[in-house]
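Convention: sequence-line order gives letters A, B, ...; per-chain numbering from 1.
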Protein chains: 2
Amino acid sequence: MTATQASELCCPPAKDQADLRPVEGDEADEELATLSKALGHPARVKIVRLLIRKNACICGEIVDELPLAQSTVSQHLKVLKDAGLIRGDVDGPRVCYCVEPHALRRLRALVGGL
Amino acid sequence: MTATQASELCCPPAKDQADLRPVEGDEADEELATLSKALGHPARVKIVRLLIRKNACICGEIVDELPLAQSTVSQHLKVLKDAGLIRGDVDGPRVCYCVEPHALRRLRALVGGL
DNA sequence: TTAGCTCATCGTATATCAACGATGACTGCC
DNA sequence: GGCAGTCATCGTTGATATACGATGAGCTAA
């Protein structure tokens, strides 16, 4: 791997433990709304896809892939992080972003529960 | 059925034809963002659930179920309708709302495609 | 026709979002 | 220490979103 490629710095194999929280009720509604809102912008959808496709991604790589300023991308990353959809691990001067697989599973469960 | 209950006025059995559109690419990203954005508010999640649970629903019933003004609910319904998630059929002085099953399936496919 | 009911739309106020450039914090290298 | 690179945050601007009351449009029944 090269220095400009994200690696296994973050994103551990993610032990698959079941999520036993209900997919209905007020809390589930809030959760689904929060996750949906985070995905409610094309740029953020693209970011999530990018992170999935490359498994992990340095912030700079994401900026290169999108027609947006670095500060704007950083803002979108913050929205996704606040929603729990992605994680950012500091790697020296860089930050390695990756998706939170359990959050994605949770979203699928909530949407499937509709 | 009583006058205050939604019936089979709208929501036909919905013939199950497969959706062949891709779950990736720019168009899919826009679509997922649009649908997600529409679900990105707790009140709208509750509305969708209500419509699913009752199969269909008169606008007034929805207003009764939510702690929001009628005009606000109407606005949320418009957002959901514009996103294609629900449909509203006029029934005399009332409007019968119901979910668009294919839109829900499409959302599941798009989220599943992540 | 009139009255009443249901719902959409308008107008408005406040809050949040989305985008950018500029700046600051932090790291690693010389 | 000083410098370059990477990314987050700040400050700002314009656009949307959210909520409400008030009003209007359309139907039904009297």
Please state whether the phosphate of [N], meaning OP1 or OP2, lies under 4.0 angstrom from any side-chain nitrogen or oxygen of [X].
X	N	value
B:H76	D:dA17	no
B:R44	D:dT18	yes
A:K37	C:dC17	yes
B:S74	C:dC7	no

Provide, to the nearest angstrom, the distance between the [atom1] atom belonging to [X] and the [atom2] atom belonging to [N].
X	N	atom1	atom2	value
B:D82	D:dT16	CG	P	14 Å
A:I58	D:dA8	CD1	P	11 Å
A:Q70	C:dT23	CD	P	15 Å
A:Q75	C:dT23	CD	P	18 Å
A:L68	D:dA8	CG	P	14 Å
A:K78	D:dC10	NZ	C1'	13 Å
B:L66	D:dA19	CG	P	10 Å
B:D89	D:dG26	CG	C1'	16 Å

Check each of A:I47, A:L104, A:V79, A:V99 against A:L85 using the side-chain contact (heavy atoms from CB on, under 4.5 Å) test, and report the only one that passes.
A:L104
Are any side-chain N or O atoms of A:S74 and backbone N or O atoms of A:Q70, one a donor and one an acceptor, separated by less than 3.5 Å?
no
Using a 4.0 Å heavy-atom cut-off across all strands, classify B:K81 as base, sugar-phosphate, or nothing.
nothing
Which listed nucleotide (D:dG21, C:dG21, D:dA19) is nearest to the side chain of A:A69?
C:dG21
Between B:L77 and A:P67, name the one whose nearest nucleotide on DNA chain C is closer to the 5' end.
B:L77
Between A:S71 and A:P93, name the one whose nearest nucleotide on DNA chain D is closer to the 5' end.
A:P93
Is there a salt bridge (Lys or Arg N to Asp or Glu O under 4.0 Å) between A:D29 and B:R49? Walk through the geometry before answering.
CA-CA 9 Å; A:D29 291 348; B:R49 278 200 208 281; 2.5 Å; yes
Charged N to carboxylate O under 4.0 angstrom, A:R21 versus A:E31?
yes
Roughly how far, to the nearest 0.5 Å, is CD1 of A:I62 from CG of A:L77?
4.5 Å
